[in-house]
Novice: 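Pasting a structure below so you can have a look.
All values derive from a computational prediction rather than experimental measurement.
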Amino acid sequence: MKEYDALQIEFKDSGGYQYESDMRSVLHGMRFYPDDYEKKVNLLSGGQKTRLALAKMLLSKPDLLILDEPTNHLDIETLGWLEKYLVSYEGAILIVSHDRYFLDQIVTITYEVSRRKVTKYVGNYSAYLDEKAKNYERDKKLYERESSEKAKLEEFIQRNIARASTSKMAKSRRKLLERTEWMDSPDGDERSASFSFSIERPSGNDVLKLENIAVGYNDKPVSENINMHAYKGDRIAILGPNGIGKSTLLKTIVKMQEPLDGTIRYGTNVQFGYYDQNQATIIGTGQF
């Protein structure tokens, strides 16, 4: 009975009574439901595969959870669930992300990697920005002060190095100048990407029109009855749960695949650029 009692406690502490509940909770949070449990993984969309891999990682409950761009391929509802889950996570979390709003909800310490240095800031992303701005103003004043001191030393050395009466003093100042670790300018180059989009000739006001479009694969639609009219200057976001056909719609628009139904009309002189979610395809030019 003592052995049985010890094993029962170990089973309980290891999550033996709640592992099924935990699995259902995490899978539901990642938008997988009982109807999905028998699906083959290789038939899932890219976003679904990413969410499934993340669910598996969360269920393993490691002491250190390392997440590299975890918000990629997550829809808004799933992202909201993930934020709440990670806030109450018992282990340590190390995140690399460009999603400032996600970081504001999760992190308590921020490390900035910039110009071959790593700087620690206590607080979330917004706190990091505030502290960085204060540090910049401080460093700018220190740099200006050091630059002034350095310029005076260089001027003194240049004026006195050749004089017999002051040469020794000038050489001493030169050694001081060489030994001192002078600050780099806080306005130094941080190397960011720079690119622009250009067009050969302007299009008309009507850019794109979708009429009762159905998209999918192997004659099986994932979304139907899509109607949209895009005009020159519009900025349009396509929102929806993963696997509903958002990327498939974009591929259909740029003629990487045919629509299952409906009509796509392109405006005069319309050129397109396409950057896919897996970064495998970048189309810079195209015209209809």
Novice: Could you report the tightest heavy-atom contact between Lys246 and Gly240, atom names first, then the distance?
Specialist: NZ-O, 2.9 Å
Novice: Counting heavy atoms not belonging to Asn42, are there more than 12 under 6.0 Å from its CG?
Specialist: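 Enclosed.
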Novice: Evaluate side-chain contact (heavy atoms from CB on, under 4.5 Å) for Ile109 paired with Lys120, printing each intermediate quantity in order.
Specialist: CA-CA 7 Å; Ile109 297 174; Lys120 177 182 177 181; 3.8 Å; yes
Novice: So how far is it from Asp5 CG to Met1 CE, rounded to the nearest 0.5 Å?
Specialist: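 The distance works out to 7.5 Å.
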Novice: Suppose we screen for salt bridge (charged side-chain N to carboxylate O under 4.0 Å, His left out). Which residues come up paired with Arg138, at least two apart in sequence or across chains?
Specialist: none
Novice: Determine the minimum heavy-atom distance between Phe32 and Gln48, stating which atoms define it.
Specialist: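 Nearest pair, atom of Phe32 first, then Gln48: CZ-O, 3.3 Å.
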Novice: Please report the shortest heavy-atom distance between Ile93 and Ile95, naming the atom on each side.
Specialist: CG2-CG1, 3.4 Å
Novice: In the single-linkage hydrophobic clustering (I, L, V, M, F, W, Y; side-chain heavy atoms under 4.5 Å), do Ile238 and Tyr266 co-cluster?
Specialist: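 The answer is yes; both residues are in one hydrophobic cluster.
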Novice: Taking the side chain as every heavy atom from C-beta outward, state whether Leu208 and Asp234 have any atom pair closer than 4.5 Å.
Specialist: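 They are not in contact (no side-chain heavy atoms under 4.5 Å apart), so the answer is no.
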Novice: Heavy atoms, side chains only, cut-off 4.5 Å: are Val87 and Ile106 in contact?
Specialist: yes
Novice: More than 12 heavy atoms of other residues, nucleotides or ligands under 6.0 Å from NZ of Lys56: is that the case?
Specialist: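 Check fails, neighbour count at 12 or below.
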Novice: Would you mind listing every side chain to side chain donor-acceptor pair (under 3.5 Å) that reaches into residues 163-172, with sequence neighbours excluded?
Specialist: Asn160-Thr166
Novice: Under 3.5 Å, side chain of Ser223 to main-chain N/O of Ile244, donor-acceptor pair present?
Specialist: yes
Novice: What do you reckon, is CD of Glu77 surrounded by more than 12 foreign heavy atoms closer than 6.0 Å?
Specialist: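 No, CD of Glu77 has 12 or fewer neighbouring heavy atoms, counting only those of other groups under 6.0 Å.
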Novice: In sequence, state the C-alpha distance, the side-chain angles, and the governing distance for Asp206 and Val270, and then conclude on side-chain contact (heavy atoms from CB on, under 4.5 Å).
Specialist: CA-CA 9 Å; Asp206 288 329; Val270 168; over 6 Å; no
Novice: Name the one of Ile253, Val215, Leu260 that satisfies side chain to side chain contact (heavy atoms under 4.5 Å, CB included) with Thr248?
Specialist: Val215
Novice: Surrounding CE of Met183 (heavy atoms of other residues, nucleotides or ligands, distance under 6.0 Å), is the total greater than 12?
Specialist: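 Correct, the count exceeds 12.
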Novice: Could you tell me the separation between the CG atom of Leu153 and the OG1 atom of Thr180, rounded to the nearest 0.5 Å?
Specialist: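 Leu153 atom CG to Thr180 atom OG1 measures 7.5 Å (nearest 0.5 Å).
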Novice: For Gln18, enumerate each residue passing the side-chain hydrogen bond (donor to acceptor under 3.5 Å, both in side chains) test, keeping only those at least two apart in sequence or located in another chain.
Specialist: Asp22
Novice: When rounded to the nearest 0.5 angstrom, what is the spacing between CG in Leu249 and CD1 in Ile213?
Specialist: 8.0 Å
Novice: Which is it for Lys255 and Phe272 under the side-chain contact (heavy atoms from CB on, under 4.5 Å) test, yes or no, and what are the steps along the way?
Specialist: CA-CA 11 Å; Lys255 290 195 170 183; Phe272 66 87; over 6 Å; no
Novice: Distance check, rounded to the nearest 0.5 Å: Asp261 atom CG versus Asn225 atom CG?
Specialist: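 Between Asp261 CG and Asn225 CG, I get 8.5 Å after rounding to 0.5 Å.
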Novice: Atom CD in Glu112, atom CG in Asn135: separation rounded to 0.5 Å?
Specialist: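 Reported value, rounded in 0.5 Å steps: 9.5 Å.
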Novice: What residues form a side-chain hydrogen bond (donor to acceptor under 3.5 Å, both in side chains) with Lys39, not counting sequence neighbours?
Specialist: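 side-chain hydrogen bond (donor to acceptor under 3.5 Å, both in side chains) check on Lys39 returns Asp36.
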Novice: Are Ile236 and Leu239 connected in a single hydrophobic cluster, I mean Ile/Leu/Val/Met/Phe/Trp/Tyr linked by side-chain heavy atoms less than 4.5 Å apart?
Specialist: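 In one cluster: no.
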Novice: With a 4.5 Å heavy-atom cut-off, do Leu177 and Trp182 have their side chains touching?
Specialist: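 Touching, per the 4.5 Å side-chain cut-off.
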Novice: Are Val26 and Leu54 side-chain neighbours, meaning at least one heavy-atom pair lies under 4.5 Å?
Specialist: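 Not touching, per the 4.5 Å side-chain cut-off.
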Novice: Are Arg100 and Leu129 side-chain neighbours, meaning at least one heavy-atom pair lies under 4.5 Å?
Specialist: yes
Novice: Kindly give the heavy-atom pair with the smallest separation between Leu27 and Ala55, and that separation in Å.
Specialist: CD2-CB, 4.3 Å
Novice: Hey, does Tyr111 have a side-chain heavy atom less than 4.5 Å from the side chain of Val113?
Specialist: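 Not in contact.
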Novice: Tell me whether the count of non-hydrogen atoms from other residues, nucleotides or ligands lying under 6.0 Å of OH in Tyr217 goes above 12.
Specialist: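 Yes, enclosed.
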Novice: Same cluster or not: are Met57 and Leu59 linked, directly or through other Ile, Leu, Val, Met, Phe, Trp or Tyr residues, by side-chain heavy atoms under 4.5 angstrom apart?
Specialist: yes
Novice: What's in the same ILVMFWY side-chain cluster as Phe156, cut-off under 4.5 Å, chained through other members?
Specialist: Met169
Novice: May I have all residue pairs that pass side chain to side chain donor-acceptor pair (under 3.5 Å) and include part of residues 139-148, sequence neighbours excluded?
Specialist: none
Novice: I'd like to check the ring pair (Phe, Tyr, Trp, His ring centres under 6.0 Å) partners of Tyr85; sequence neighbours left out, ordered by chain and number.
Specialist: Trp81
Novice: Within the structure provided, determine whether Leu7 and Glu10 are in side-chain contact (heavy-atom separation under 4.5 Å).
Specialist: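 When only atoms from C-beta onward are counted, Glu10 and Leu7 do touch, with a gap below 4.5 Å.
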Novice: Answer whether the closest heavy-atom distance between the side chains of Phe102 and Leu82 falls below 4.5 Å.
Specialist: yes
Novice: Does Asp63 have more than 12 heavy atoms from other residues, nucleotides or ligands lying within 6.0 Å of its CG?
Specialist: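 No, the 6.0 Å shell around CG holds no more than 12 heavy atoms from other groups.
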Novice: Taking only residues two or more places apart in sequence, or in another chain, which ones meet Asn124 in a side-chain hydrogen bond (donor to acceptor under 3.5 Å, both in side chains)?
Specialist: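 Result, side-chain hydrogen bond (donor to acceptor under 3.5 Å, both in side chains) vs Asn124: Asp104.
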Novice: Going by the rule ring pair (Phe, Tyr, Trp, His ring centres under 6.0 Å), which residues pair with Tyr125 if we only count those two or more places apart in sequence or in a different chain?
Specialist: Tyr128
Novice: Considering residues at least two apart in sequence or located in another chain, which fulfil the ring pair (Phe, Tyr, Trp, His ring centres under 6.0 Å) criterion with Tyr231?
Specialist: His229
Novice: Check whether Ser25 reaches the backbone of Ser21 with its side chain - one donor and one acceptor, N or O, closer than 3.5 Å.
Specialist: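 No; judged by distance alone, with no hydrogens or angles, the pair does not exist.
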Novice: Applying side-chain contact (heavy atoms from CB on, under 4.5 Å) to Glu131 and Thr110, what does each step give before you reach the verdict?
Specialist: CA-CA 11 Å; Glu131 190 64 24; Thr110 302; over 6 Å; no
Novice: Which heavy-atom pair separates Gly245 from Val222 by the least distance, and what is that distance?
Specialist: CA-CG2, 3.8 Å
Novice: With sequence neighbours excluded, tell me which residues meet side-chain hydrogen bond (donor to acceptor under 3.5 Å, both in side chains) with Asn227.
Specialist: Asn212
Novice: Taking the side chain from Ser97 and the backbone from Asp99, do they hold a donor-acceptor pair closer than 3.5 Å?
Specialist: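 Yes, because the side chain of Ser97 sits within donor-acceptor range (under 3.5 Å) of the backbone of Asp99.
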Novice: For Ile76, I'd like to know if atom CD1 has over 12 heavy atoms of other residues, nucleotides or ligands within 6.0 Å.
Specialist: no
Novice: I'd like to know whether CZ of Arg265 has more than 12 heavy-atom contacts from other residues, nucleotides or ligands below 6.0 angstrom.
Specialist: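 Open: at most 12 neighbouring heavy atoms sit under 6.0 Å from CZ of Arg265.
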Novice: Taking Leu44 as the starting point, is it possible to reach Tyr37 by hopping between hydrophobic residues whose side chains are less than 4.5 Å apart?
Specialist: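 In one cluster with Tyr37: Leu44, yes.
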Novice: Output all residues satisfying ring pair (Phe, Tyr, Trp, His ring centres under 6.0 Å) with Tyr17, sequence neighbours left out; order by chain, then residue number.
Specialist: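 Partners of Tyr17 by the ring pair (Phe, Tyr, Trp, His ring centres under 6.0 Å) criterion, ordered by chain and then number, come out as Phe11.
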Novice: Got a second to check how far Lys132's NZ is from Thr119's OG1, nearest 0.5 Å?
Specialist: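 Atom-to-atom, Lys132:NZ and Thr119:OG1 are 9.0 Å apart.
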Novice: Hey, does the side chain of Arg31 reach the backbone of Gly29 with a donor-acceptor pair shorter than 3.5 angstrom?
Specialist: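 The answer is no, because no donor-acceptor pair under 3.5 Å joins these two groups.
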Novice: Looking at every non-hydrogen atom in both residues, tell me the closest pair between Tyr89 and Pro62 and how far apart they are.
Specialist: OH-O, 2.6 Å
